[in-house]
Amino acid sequence: MNSLTILRYPDPRLHTVAKPVAAVDARIKELAQQMLETMYEASGIGLAATQIDVHERLIVIDVSENRDQPLVLINPEIVWSSPEKRLGEEGCLSVPGIYDGVERAIGIRMQAMDLEGKLQTHEAEGMLAVCIQHEMDHLMGKVFVEYLSPLKRNRIKTKLVKQKKDEERDGDR
Ligand code: GNR
Ligand code: NI
């Protein structure tokens with residue numbers, strides 16, 4: 001498989017703010033396919049271009065049970081969020097092995113272009129709404145651990161930095 005490398009927290013490139021996709025052309029279609037492949041390979045339910053070091057407003061999502069309902073969202077904008085929020089457990093492919101609670105709007109309405117360059121409106125709740133908000137944060141350079149307390153965030157940072165060092169040392173042997 002041709003999976004792309006996913007940046008891992010605390011990589012500073014995860015805090016880059018993405019620019020709009022200028023045109024839905026062959027390059028974007030290819031990129032979306034590669035992102036879907038990478039997301040499925042990593043068993044994630046979503047992936048933002050930011051996570052593969054491409055800083056354009058492109059996300060892919062599949063929250064279906066059978067992993068057969070891919071969603072490609074180009075230049076997505078949340079046009080409405082419910083004032084009601086819910087605390088849910090989140091994880092992130094860029095923060096492997098870490099799960100913690102984040103408050104998100106229960107329902108959202110979003111506009112985004114599809115792979116045909118057509119503007120679509122999506123209404124979402126449940127896991128899809130959570131995932132969309134999580135991915136939109138990535139495009140703004142925000143990782144979910146930034147909602148946690150500085151104490152928790154620093155513990156996570158230390159753990160992941162140590163993990164990376166251990167991996168690099170193991171790779172040398
Ligand atoms: O695979 C993922 N699972 C997940 C679970 C709860 C809340 C959000 C997510 S998104 C995450 C994939 C990912 O990191 N996308 O950026
Ligand atoms: Ni993520």
Side-chain angles (χ1 to χ4, degrees), residues 1-21 28 31-78 81-82 84-110 112 122-149 152-157 159-161 163-164 167:
M1 286 290 244
N2 240 322
S3 286
L4 304 165
T5 303
I6 299 175
L7 298 180
R8 286 204 270 165
Y9 188 79
D11 192 310
R13 292 172 289 183
L14 285 170
H15 304 302
T16 312
V17 177
K19 294 188 168 70
V21 168
I28 290 297
L31 193 56
Q33 285 315 316
Q34 287 183 313
M35 284 173 61
L36 281 166
E37 213 172 288
T38 304
M39 175 190 77
Y40 288 127
E41 182 80 7
S43 301
I45 59 168
L47 188 71
T50 309
Q51 293 175 276
I52 52 144
D53 202 23
V54 171
H55 302 289
E56 298 178 56
R57 295 183 62 82
L58 170 63
I59 69 190
V60 298
I61 292 180
D62 191 342
V63 295
S64 72
E65 196 79 30
N66 294 328
R67 322 283 293 144
D68 58 357
Q69 285 169 58
L71 206 54
V72 176
L73 304 170
I74 301 164
N75 295 341
E77 300 289 348
I78 290 178
S81 312
S82 71
E84 301 82 20
K85 296 182 179 210
R86 185 153 54 203
L87 186 69
E89 188 96 325
E90 294 198 17
C92 180
L93 295 174
S94 295
V95 195
I98 307 289
Y99 303 88
D100 213 327
V102 178
E103 253 193 14
R104 301 283 189 188
I106 289 178
I108 59 155
R109 187 174 307 124
M110 176 195 59
H122 299 262
E123 288 188 9
E125 52 178 36
M127 204 60 228
L128 180 58
V130 170
C131 189
I132 289 170
Q133 291 172 79
H134 176 113
E135 305 311 337
M136 298 289 290
D137 274 352
H138 277 303
L139 298 182
M140 295 303 295
K142 186 155 184 166
V143 180
F144 87 96
V145 297
E146 290 171 72
Y147 290 108
L148 309 178
S149 70
K152 277 189 180 177
R153 189 161 60 247
N154 280 320
R155 281 183 181 157
I156 291 166
K157 210 178 274 185
K159 186 175 172 183
L160 292 180
V161 166
Q163 233 170 54
K164 179 132 206 226
E167 279 172 21

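Just so it is clear, the structure is predicted and the values come from calculations on it, not from any experiment. Just so you know, ligand 1 is whichever comes first in the structure, and atom 1 is the first atom listed for that ligand.
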Next on the checklist: Given 3.5 Å as the limit, does a donor-acceptor pair link the side chain of Arg8 with the main chain of Val95, or not?
Outcome noted: no
Next on the checklist: Need the ligand 1 atom indices (1-based, order shown) with element for anything under 4.0 Å from a heavy-atom of Gly44.
Outcome noted: 1 (O)
Item to check | Close side-chain approach of Leu93 to Leu47, heavy-atom, < 4.5 Å | outcome: yes
Item to check | Contact partition for Glu90 relative to ligand 1, non-hydrogen atoms under 4.0 Å | outcome: both
Checklist entry - How about the Ni ion (ligand 2), which protein N, O or S atoms come within less than 2.8 Å? => result Cys92 SG, His134 NE2, His138 NE2
Next on the checklist: To the nearest 0.5 Å, what is the distance between CD on Glu123 and CE on Met110?
Outcome noted: 10.5 Å
Next on the checklist: Would you say CZ of Arg155 has more than 12 non-hydrogen atoms from neighbouring residues, nucleotides or ligands within 6.0 angstrom?
Outcome noted: no
Next on the checklist: Strictly distance-based, threshold 3.5 Å: is any side-chain N or O of Asn75 a donor or acceptor partner for the main-chain N or O of Val21?
Outcome noted: yes
Next on the checklist: Within the 4.5 Å heavy-atom criterion, are Leu58 and Val72 side-chain neighbours or not?
Outcome noted: yes
Next on the checklist: Quick test: of every protein heavy atom, which one is nearest to atom 15 (N) of ligand 1, and how far off is it to 0.1 Å?
Outcome noted: Glu135 OE2, 2.6 Å
Checklist outcome for this item: So the salt bridge (charged side-chain N to carboxylate O under 4.0 Å, His left out) pairs with at least one residue in residues 131-149 (sequence neighbours excluded) are Arg104-Asp137
Next on the checklist: Residue-level breakdown please: for Glu89 versus ligand 1, do any non-hydrogen atoms fall below 4.0 Å on the side chain, on the backbone, on both, or on neither?
Outcome noted: backbone
Checklist entry - Would the number of heavy atoms belonging to other residues, nucleotides or ligands and lying under 6.0 Å from CD of Glu65 be above 12? => result no
